Each structure stands twice: as structure tokens, then as C-alpha cells.
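Contents: one structure, followed by commentary.
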Amino acid sequence: CRCFFIHMTAASILFALSSTALVFSLPRRTAAVPLLLTGCFMTLGERMVILGLDFTIFRILVLAGWLRVLIRREAVFLKPHPMDRIMLVWAAVCIIFGVCLYQSFGGFTYNLGQSYNAVGLYFLFRIWIQDFEGLRNILKHMAVMTAVLAGLIMIEWATGRNLFSIFGGVPEFTQ
């Protein structure tokens, strides 16, 4: 059993390092943009495995976001909301049901990872997006990313070539 390995191309490592630097350097109102970019443009095949746990680039950026929040003490902006408790209970139920359903370590780690993604992202966005203007700013960035993604999909449709293959995890040519 290999306890640690990295399955990433040079392009995905560069993307991950650049995105992590952006998470730490951007102002709070745009700190979520690298996470959105990763969600839109990075394949899930690129990962680090530590003790059997998969850390995709997205999960690494969520961790970087939390380190930023702790270092900058940005969590003081977070006021408790009833939805916070609902989110935490939902995550716990998902993990427990995952263990009961799959009865395996793989099922547990899968549900733990999904809960980590959801809860981590939920609270980061709650901390970083404080008002309607912050939401509007993020939606503008998402609109641009969606347009770029649509263009890349059209290129793939026309040429049969998946440009995301430079990041690994997907074939260069589609069927």
C-alpha cells in the first residue's frame, strides 16, 4: 500500500500553486474566485493521496482558504445563522449513512470527502461573501468563467480535442 503519492501533471501543479497563491493574496471579496476557477477548469483526476485520502486540487484550495481565514482572522465576520447548524448536521448524517450503506473504509472516506467539500466551501463563502455586492461580484466572475468554459466546450465539439487534457485525468481526444 502506497501511503503517499501525487498524480498530477506539471500543468496541474502550476495551476494548483498559482491558485493557492491567489487564495492568499486576493482581497476577501474575490478570494473565492480561485476556487470557482478550479471547479470550472480543473479535472478531478489530478490529486494527492495521503494515507488513502484523496486530495484533489479543489480540496487543497479549500484547505488553503481555511488557512487564510485562520491567519487573517477573517472568521470574525461570520455571524451564526440557523443554516450553519443544518449544514453541519447534514454533513454528519451523510457520513454516518455512508458508513452504514457501504460498510467499508472507502465508503466512509468518500462521504467524508464530499462533506469536507460542501461544509468547507459553504463556510468559506459565508465568510468571504458578506453582502449583496459581494455576491454580485462573484456572479460576475462566474459569468465570465461560464462563457470561457462554453467556448472551450465548443472547441471540443468542433475538433474532438479536449483542451483540458493538458491538466491530465481526461483523454486528449473525445469519442
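These numbers come from a predicted model, not from an experiment. FYI, side chains are in, hydrogens and waters are out, and symmetry mates aren't considered; it's all heavy atoms of this structure.
- In this structure, Met83 is a member of the same hydrophobic cluster as Leu88, with clusters built from ILVMFWY side-chain heavy atoms closer than 4.5 Å.
- Under the side-chain contact (heavy atoms from CB on, under 4.5 Å) criterion, Arg136 pairs with Phe132, Glu133, Lys140, sequence neighbours left out.
- Applying the salt bridge (Lys or Arg N to Asp or Glu O under 4.0 Å) test to every pair with at least one member in residues 76-96, sequence neighbours left out, gives these pairs: Asp84-Arg126.
- Both Ile166 and Leu17 belong to a single network of hydrophobic side chains, linked directly or stepwise wherever heavy atoms of I, L, V, M, F, W or Y lie under 4.5 Å apart.
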Exercise for the section: Give the intermediate values and the outcome of side chain to side chain contact (heavy atoms under 4.5 Å, CB included) for residues Met8 and Ile57. Expected result: CA-CA 9 Å; Met8 294 186 192; Ile57 293 174; 4.0 Å; yes

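- Arg29 approaches Ile138 most closely through the heavy-atom pair O-CD1, 3.9 Å.
- Within the structure, the ring pair (Phe, Tyr, Trp, His ring centres under 6.0 Å) test picks out no pair touching residues 134-153 (sequence neighbours left out).
- A continuous path of Ile, Leu, Val, Met, Phe, Trp and Tyr side chains, each step under 4.5 Å between heavy atoms, connects Leu51 with Tyr116, placing both in one hydrophobic cluster.
- Closest approach of Ser19 and Thr38 over heavy atoms only: OG-OG1, 4.0 Å.
- Atom CZ of residue Arg47 and atom CG of residue Asp54 lie 4.0 Å apart, to the nearest 0.5 angstrom.
- The backbone N or O of Gly106 sits less than 3.5 Å from a side-chain atom of Thr109, completing a donor-acceptor pair.
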Exercise for the section: Would you please test Val89 and Val93 for side chain to side chain contact (heavy atoms under 4.5 Å, CB included) and show each step? Expected result: CA-CA 6 Å; Val89 169; Val93 167; 4.2 Å; yes

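- The CD1 atom of Ile6 lies 6.0 Å from the CD1 atom of Ile13; values are rounded to the nearest 0.5 Å.
- Checked against side-chain contact (heavy atoms from CB on, under 4.5 Å), Leu139 has the following partners two or more places apart in sequence or in another chain: Leu135, Met142.
- Residues Leu121 and Leu35 come closest through the heavy atom pair CD1-CD1, 4.1 Å.
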Practice task
Begin from the C-alpha positions of Cys40 and Leu37 and carry the test side chain to side chain contact (heavy atoms under 4.5 Å, CB included) through to its verdict.
Solution key: CA-CA 5 Å; Cys40 281; Leu37 283 168; 5.9 Å; no

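- In the hydrophobic clustering of ILVMFWY residues, with side-chain heavy atoms under 4.5 Å counting as a link, Tyr122 and Val23 come out together.
- Using modelled atom types, one side-chain atom of His7 and one backbone atom of Gly45 make a donor-acceptor pair closer than 3.5 Å.
- In this structure, Val119 and Ala91 approach most closely via the heavy-atom pair CG2-CB, 3.5 Å.
- For Phe15, the ring-ring contact (aromatic ring centres under 6.0 Å, His included) criterion is met by Phe167, not counting sequence neighbours.
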Practice task
Run the numbers on Leu124 and Val69 for side chain to side chain contact (heavy atoms under 4.5 Å, CB included), then give the verdict.
Solution key: CA-CA 8 Å; Leu124 283 176; Val69 165; 3.7 Å; yes

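- Under a hydrophobic clustering in which Ile, Leu, Val, Met, Phe, Trp and Tyr are joined whenever their side-chain heavy atoms come within less than 4.5 Å, directly or via other members, Leu36 and Leu26 fall into different clusters.
- The ring pair (Phe, Tyr, Trp, His ring centres under 6.0 Å) pairs that include a residue from residues 79-104 number zero, where partners must be two or more places apart or lie in different chains.
- Without hydrogens or angle criteria, Arg73 side chain to Leu70 main chain gives no donor-acceptor distance under 3.5 Å.
- For residues 57-68, the salt bridge (Lys or Arg N to Asp or Glu O under 4.0 Å) pairs, not counting sequence neighbours, are Arg68-Glu74.
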Validation: residues 147-163 side-chain donor-acceptor distances under 3.5 Å, sequence neighbours left out:
residue	atom	partner	partner atom	Å
Thr159	OG1	Ile155	O	2.8
Thr159	OG1	Arg161	N	3.1
Arg161	NE	Glu172	OE2	2.7
Arg161	NH2	Glu172	OE2	2.8
Asn162	OD1	Phe164	N	2.9

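- The two atoms that bring Leu22 and Pro34 nearest to each other are CB-CG, 3.6 Å, heavy atoms only.
- Between Ala64 and Thr20, the shortest heavy-atom contact is CB-CG2, 3.9 Å.
- For Leu14, the side-chain contact (heavy atoms from CB on, under 4.5 Å) test picks out Ser18, with sequence neighbours left out.
- Side-chain contact between Arg28 and Gln130: present, with at least one pair of heavy atoms (C-beta onward) separated by less than 4.5 Å.
- Residues in residues 37-69 take part in no ring pair (Phe, Tyr, Trp, His ring centres under 6.0 Å) pair, two or more places apart or across chains.
- Not counting sequence neighbours, Ala92 has no partner by the side-chain contact (heavy atoms from CB on, under 4.5 Å) test.
- Separating the CD1 atom in Ile96 from the OG atom in Ser115 is a distance of 10.0 Å, to the nearest 0.5 Å.
- Applying the side-chain hydrogen bond (donor to acceptor under 3.5 Å, both in side chains) rule to Ser12 yields the partners Thr9, Glu46; only residues at least two apart in sequence or on another chain are considered.
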